[in-house]
Asker: 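Okay, handing you the structure first.
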Amino acid sequence: MLKNRDFLCISSLKNLKVVITIALFSAISFVFGKFLAIPVGDYMRFSFENLPIILSGILFGPVSGCVTGVVADIVGCILRGYVINPILTFGAAIIGFCSGAVYQMPIRFPKTVRLILTVSLSHLIGSVLIKSIGLSIWYSMDFLFTLGWRSLNYLIVAVAEILVLCVILKNEGFKNQIKRLGNYEL
């Protein structure tokens, strides 16, 4: 997180190293979501596509997380030949925005609790609620059925992502690389 910054952290987008890192996170999200996803039946798909989006929000703020989500979704759709669903793209943007906004809230929680809240709320609002609405409308699926399966899916994914993020954010090598990007610290 940038020291002494505004809430939206728009100033982080002026740093070329951060913009390149956002592009890298978008590419990683695309690969995780489109190539490394594990489908389970017709309604569930496990992937870590939101992990880089959430990490971008945590590190560089809500706007950077939002940009990462939008770029990853749109580029992923274009490269895979999917029609862009604006509601799903909005869901990806909200995941990034929420992760940045929740993680930097001024409430004094331990970092692990803050991380659990960040991932949980980001997935609840973006992945479960908004994307379920988008899938229901776009593919004429029953909303409550979709909501139920996606809730189960992202409960499992959120637990895994929290564990991975705990390891990443405690890693000294990772912290040092983030410090090299500018005035950032974890």
Side-chain angles (χ1 to χ4, degrees), residues 18-60 64-100 102-103 115-116 118-136 138-139 141 145-171 173-175 177-178 181 186:
V18 171
V19 173
I20 291 169
T21 306
I22 290 170
L24 178 65
F25 284 161
S26 297
I28 293 168
S29 175
F30 161 68
V31 170
F32 282 174
K34 305 301 189 244
F35 294 110
L36 300 178
I38 302 168
V40 179
D42 293 333
Y43 300 101
M44 292 178 68
R45 180 176 65 95
F46 294 103
S47 79
F48 284 118
E49 68 186 313
N50 293 320
L51 183 69
I53 297 170
I54 292 170
L55 188 58
S56 179
I58 288 171
L59 296 175
F60 308 121
S64 297
C66 183
V67 168
T68 305
V70 169
V71 169
D73 190 70
I74 290 174
V75 170
C77 287
I78 291 169
L79 292 179
R80 293 294 287 180
Y82 301 152
V83 175
I84 296 170
N85 180 335
I87 301 171
L88 296 182
T89 303
F90 178 67
I94 291 299
I95 291 166
F97 187 87
C98 281
S99 63
V102 172
Y103 195 78
L115 186 63
I116 291 169
T118 298
V119 173
S120 300
L121 288 174
S122 297
H123 278 307
L124 180 65
I125 296 168
S127 299
V128 175
L129 186 61
I130 294 173
K131 287 187 177 185
S132 292
I133 291 169
L135 291 170
S136 297
W138 201 261
Y139 296 109
M141 299 167 71
F145 183 78
T146 305
L147 186 70
W149 279 109
R150 289 184 67 78
S151 297
L152 175 62
N153 186 88
Y154 281 99
L155 177 65
I156 296 166
V157 169
V159 169
E161 286 181 344
I162 289 167
L163 294 173
V164 170
L165 284 168
C166 279
V167 170
I168 290 172
L169 295 175
K170 288 181 181 176
N171 183 289
F174 183 79
K175 287 180 184 180
Q177 292 303 317
I178 295 304
L181 294 176
L186 294 175

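This is a predicted model, so every value here is computed, not measured. All residue numbers refer to positions in the sequence shown, counting from 1. Below, all heavy atoms of this structure are taken into account, side chains as well, without hydrogens, waters or symmetry copies.
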Asker: Considering residues, nucleotides and ligands other than I38, do more than 12 of their heavy atoms fall under 6.0 Å from its CD1?
Answerer: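 12 or below, so no.
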Asker: Can you give me the closest heavy-atom contact between I95 and S122, atom names plus distance?
Answerer: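 Reported closest heavy-atom pair: O-OG, 3.5 Å.
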Asker: Do L55 and F60 come close enough that some side-chain heavy atom pair is under 4.5 Å?
Answerer: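 No - every pair of side-chain heavy atoms lies 4.5 Å or more apart.
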Asker: What pairs with S64 under side-chain hydrogen bond (donor to acceptor under 3.5 Å, both in side chains), at least two apart in sequence or on another chain?
Answerer: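 For S64, the residues satisfying side-chain hydrogen bond (donor to acceptor under 3.5 Å, both in side chains) (neighbours in sequence not counted) are S12.
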Asker: Determine, step by step, whether I54 and V119 satisfy the side chain to side chain contact (heavy atoms under 4.5 Å, CB included) criterion, reporting the C-alpha distance in whole Å, the side-chain angles of both residues, the deciding distance to 0.1 Å, and the verdict.
Answerer: CA-CA 7 Å; I54 292 170; V119 173; 4.2 Å; yes
Asker: Which atom names give the shortest non-hydrogen contact between S47 and G33, and what distance separates them?
Answerer: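 The pair with the smallest heavy-atom distance is OG-CA, 4.2 Å.
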Asker: Please answer whether the main-chain N or O of G96 pairs with a side-chain N or O of S99 as donor and acceptor at a distance below 3.5 Å.
Answerer: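 Such a contact is found between S99 side chain and G96 backbone.
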Asker: To the nearest 0.5 Å, how far apart are CD1 in I125 and CD1 in I94?
Answerer: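 Between I125 CD1 and I94 CD1, I get 7.5 Å after rounding to 0.5 Å.
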Asker: Mind checking the CZ-CD1 spacing from F32 to I53? Nearest 0.5 Å is all I need.
Answerer: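 Those atoms lie 11.0 Å apart.
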Asker: Go through the steps to decide whether I87 and K131 satisfy the test side chain to side chain contact (heavy atoms under 4.5 Å, CB included), and finish with yes or no.
Answerer: CA-CA 7 Å; I87 301 171; K131 287 187 177 185; over 6 Å; no
Asker: Between F25 and L59, is a side chain to side chain contact (heavy atoms under 4.5 Å, CB included) present by the stated rule, with each step listed?
Answerer: CA-CA 11 Å; F25 284 161; L59 296 175; 4.0 Å; yes
Asker: Report the residues that fulfil salt bridge (Lys or Arg N to Asp or Glu O under 4.0 Å) with R45, sequence neighbours left out, ordered by chain and then residue number.
Answerer: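 Salt bridge (Lys or Arg N to Asp or Glu O under 4.0 Å) list for R45, sorted by chain: E49.
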Asker: For the SG atom of C98 and the OH atom of Y103, what is their distance to the nearest 0.5 Å?
Answerer: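 It is 16.0 Å, given to the nearest 0.5 Å.
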Asker: Between I28 and P52, what is the shortest heavy-atom contact and its length?
Answerer: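 Result for this residue pair: CG2-CG, 3.6 Å.
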Asker: Counting only heavy atoms not in F30, do more than 12 sit closer than 6.0 Å to its CZ atom?
Answerer: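 Yes - once you tally the heavy atoms of other residues, nucleotides and ligands closer than 6.0 Å, there are more than 12.
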Asker: Could you tell me whether the side chains of S127 and N50 share a donor-acceptor contact shorter than 3.5 Å?
Answerer: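 Yes, a side-chain donor-acceptor pair sits under 3.5 Å.
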Asker: For S56, enumerate each residue passing the side-chain hydrogen bond (donor to acceptor under 3.5 Å, both in side chains) test, keeping only those at least two apart in sequence or located in another chain.
Answerer: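 Residues passing side-chain hydrogen bond (donor to acceptor under 3.5 Å, both in side chains) with S56: T68.
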Asker: At their closest point, which heavy atom of S26 faces which heavy atom of A72, and how far apart are they?
Answerer: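 For S26 versus A72, the nearest heavy atoms are O-CB, 3.6 Å.
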Asker: Tell me, do F46 and V40 make a side-chain contact under 4.5 Å, heavy atoms counted?
Answerer: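 The answer is yes; the side chains approach within 4.5 Å.
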Asker: Between CG of L135 and CG of L147, what distance do you get to the nearest 0.5 Å?
Answerer: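 Those atoms lie 11.0 Å apart.
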Asker: State the OG1-CG distance between T146 and N153, to the nearest 0.5 angstrom.
Answerer: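 CG of N153 is found 12.0 Å from OG1 of T146.
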Asker: Which residues pass the ring-ring contact (aromatic ring centres under 6.0 Å, His included) test with Y82, not counting sequence neighbours?
Answerer: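 Testing Y82 for ring-ring contact (aromatic ring centres under 6.0 Å, His included), a comparison that skips the adjacent residues, returns none.
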Asker: With sequence neighbours left out, write down each residue that passes side chain to side chain contact (heavy atoms under 4.5 Å, CB included) with A23, or none if nothing qualifies.
Answerer: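 Side chain to side chain contact (heavy atoms under 4.5 Å, CB included) list for A23, sorted by chain: empty.
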Asker: Assess the residue pair W138 and L88 against the criterion (side chain to side chain contact (heavy atoms under 4.5 Å, CB included)); give the C-alpha distance rounded to whole Å, side-chain angles, the decisive distance to 0.1 Å, and a yes or no.
Answerer: CA-CA 10 Å; W138 201 261; L88 296 182; over 6 Å; no
Asker: Side-chain donor-acceptor contacts of residues 154-168 below 3.5 Å, not counting sequence neighbours, with atom names and distances?
Answerer:
residue: E161; atom: OE1; partner: H123; partner atom: NE2; Å: 2.4
residue: E161; atom: OE2; partner: L51; partner atom: N; Å: 3.4

Asker: Going from OG on S120 to CG on L115, what distance comes out if it is rounded to the nearest 0.5 angstrom?
Answerer: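 These two atoms lie 8.5 Å from each other.
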